[in-house]
Amino acid sequence: MILPFFLIVNDIEICFHGMARSGNHAVIDWISSMYPDKVDYWNNVAKCPMKLGFRKKSFLIRSHENRSIAEMYTDPLERYHDLYFGKTGKRFNVLLLRDPFNLFASRLQQQLNQGFNPSSHGFIMGHPRYKYGAHEPEKFVGIWKEHAQEFLATTSYLKEPKIVINYNRWFLDQDYRQQIASALELHYSDRSINRVVGRDTAGAGSSFDSFNYSGKGSEMKVLERWKKMIDNANYRSLFEDEEVWLLSEQIFGHLPETECLRPEGMTIS
């Protein structure tokens, strides 16, 4: 059934924000698995056509990776939301944040997997052909810091109901996952928690383990990826920014042994 844009087209909508390699697809897959009806998932929306009529959707999830939240909310996709996505009954804004040590390690490893290395392509954090790849290291780190400020409610670009998800806690803590499900008004389930997404959906698997842990995803060492990058000079250079350390401490607490990445003379108070 095609409905005009001024009628409710999406009963529920989640606008999902996160940096690439933050576990976006794992969390979205987990959210989708708890909804009893069909879920329409639009991955990493950068552009879409403006319409006057839309197919009725029970649950729409649209994700945005590596986007500046501040810039996104001046984008036509948001300013004219109903003409791009259709009118929504209830909307949740979700922000996922992973600690910088493991996020940056996974992002760099993904680039190495794809053949982008310093000798032939320079130091990049994403595929340069993607509009929102944030492939420049300074930009990638800058967007992570912006997301961290929004997570801490230092900024408030995302409107309520806003749900912020600490990826590290989501991965480890069943009670925390139950709280998130409740906030999203979903009946809690962990039936998809061990799935490694990307083989037949968006996601591309793990940067370090590919699909080797399919069916046992909770066994992956996702909180120890940084240890694989200790000797990578490009990786270490990402932690010369004191603000990254301060924000990480506020959100994730101290991650044991990561102090070996702190530049000489830098103190975090």
Side-chain angles (χ1 to χ4, degrees), residues 16-24 44-47 63-75 77-78 95-158 164 166-168 204 207-208 225-252 255 258-269:
F16 193 101
H17 301 268
M19 303 294 293
R21 301 285 95 186
S22 289
N24 298 324
N44 200 13
V45 179
K47 61 181 180 179
S63 73
H64 301 272
E65 292 186 358
N66 308 327
R67 294 290 304 271
S68 162
I69 298 172
E71 292 177 6
M72 182 178 161
Y73 279 81
T74 62
D75 190 290
L77 287 179
E78 280 300 320
L95 173 63
L96 176 68
L97 198 73
R98 187 182 187 184
D99 76 87
F101 306 100
N102 292 297
L103 169 63
F104 297 171
S106 290
R107 187 64 169 160
L108 275 178
Q109 182 62 44
Q110 183 186 49
Q111 301 319 301
L112 293 172
N113 294 346
Q114 293 175 347
F116 289 91
N117 56 66
S119 62
S120 60
H121 294 281
F123 175 27
I124 61 173
M125 296 289 286
H127 202 302
R129 82 164 183 249
Y130 296 135
K131 182 177 180 182
Y132 297 112
H135 56 277
E136 306 95 339
E138 297 82 4
K139 185 168 185 178
F140 192 87
V141 172
I143 294 175
W144 182 88
K145 292 193 296 182
E146 184 197 87
H147 285 197
Q149 295 283 5
E150 184 73 17
F151 188 102
L152 291 167
T154 305
T155 59
S156 55
Y157 296 111
L158 299 179
V164 295
N166 176 324
Y167 172 77
N168 297 33
S207 297
F208 287 90
R225 302 309 197 193
W226 67 271
K227 295 179 180 179
K228 304 285 189 179
M229 288 285 176
I230 286 178
D231 297 324
N232 185 303
N234 290 330
Y235 174 71
R236 296 184 72 95
S237 73
L238 299 171
F239 297 97
E240 294 171 1
D241 186 333
E242 185 177 347
E243 189 178 8
V244 169
W245 289 88
L246 292 169
L247 290 168
S248 181
E249 290 268 349
Q250 284 181 268
I251 297 168
F252 302 98
L255 275 66
T258 55
E259 57 272 10
C260 70
L261 298 169
R262 192 176 299 159
E264 187 176 352
M266 180 187 289
T267 57
I268 306 300
S269 57

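Everything numeric here is computed off the predicted structure, so don't read it as measured data.
Counting heavy atoms from C-beta on, the side chains of I143 and I69 never come closer than 4.5 Å. Side-chain contact between R107 and F140: present, with at least one pair of heavy atoms (C-beta onward) separated by less than 4.5 Å. Counting only heavy atoms from C-beta outward, the side chains of Q109 and K228 never approach each other to under 4.5 Å. Side-chain contact check for L261 versus F104: every heavy-atom pair is 4.5 Å or farther apart. Here the side chains of L97 and N166 are not in contact, with every heavy-atom distance at 4.5 Å or above. Using a 4.5 Å heavy-atom cutoff, the side chains of L238 and P137 are in contact. Within the 4.5 Å cutoff, side-chain heavy atoms of W144 are placed close to those of L247. A heavy-atom distance below 4.5 Å is found between the side chains of F101 and W245.
Checking M19, H147, R225 one by one against R98, the side-chain contact (heavy atoms from CB on, under 4.5 Å) holds for a single residue, R225.
Among all heavy-atom pairs drawn from L103 and S22, the shortest one is CD1-OG, 3.5 Å. Closest heavy-atom contact between F252 and D99: CZ-N, 3.2 Å.
Note: C260 SG to R236 CZ = 6.0 Å, rounded to the nearest 0.5 Å. Note that CH2 of W226 is 15.0 Å distant from CG of L108, once rounded to the nearest 0.5 Å. Separating the CD atom in E259 from the CG atom in L255 is a distance of 10.0 Å, to the nearest 0.5 Å.
Y157 pairs by the ring pair (Phe, Tyr, Trp, His ring centres under 6.0 Å) definition with nothing, not counting sequence neighbours.
A donor-acceptor pair shorter than 3.5 Å can be found between the side chains of Q149 and E243.
Although no hydrogens or angles enter the test, the distance criterion places a donor-acceptor pair under 3.5 Å between the side chain of N44 and the main chain of E65. The backbone N or O of A46 lies less than 3.5 Å from no partner atom in the side chain of H64, so there is not a single donor-acceptor pair. Panel note: side chain E150, backbone L158; a donor-acceptor pair is recorded below 3.5 Å. Side-chain atoms of S248 never come within 3.5 Å of backbone atoms of P100 as a donor-acceptor pair (strictly under, hydrogens ignored).
Taking a cutoff of 4.0 Å between a charged side-chain nitrogen and a carboxylate oxygen, D241 and K145 qualify as a salt bridge.
Within 6.0 Å of the CD atom in E71, the count of heavy atoms belonging to other residues, nucleotides or ligands does not exceed 12.
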Walk me through it: do D75 and R67 pass the test salt bridge (charged side-chain N to carboxylate O under 4.0 Å, His left out)? CA-CA 11 Å; D75 190 290; R67 294 290 304 271; 3.4 Å; yes
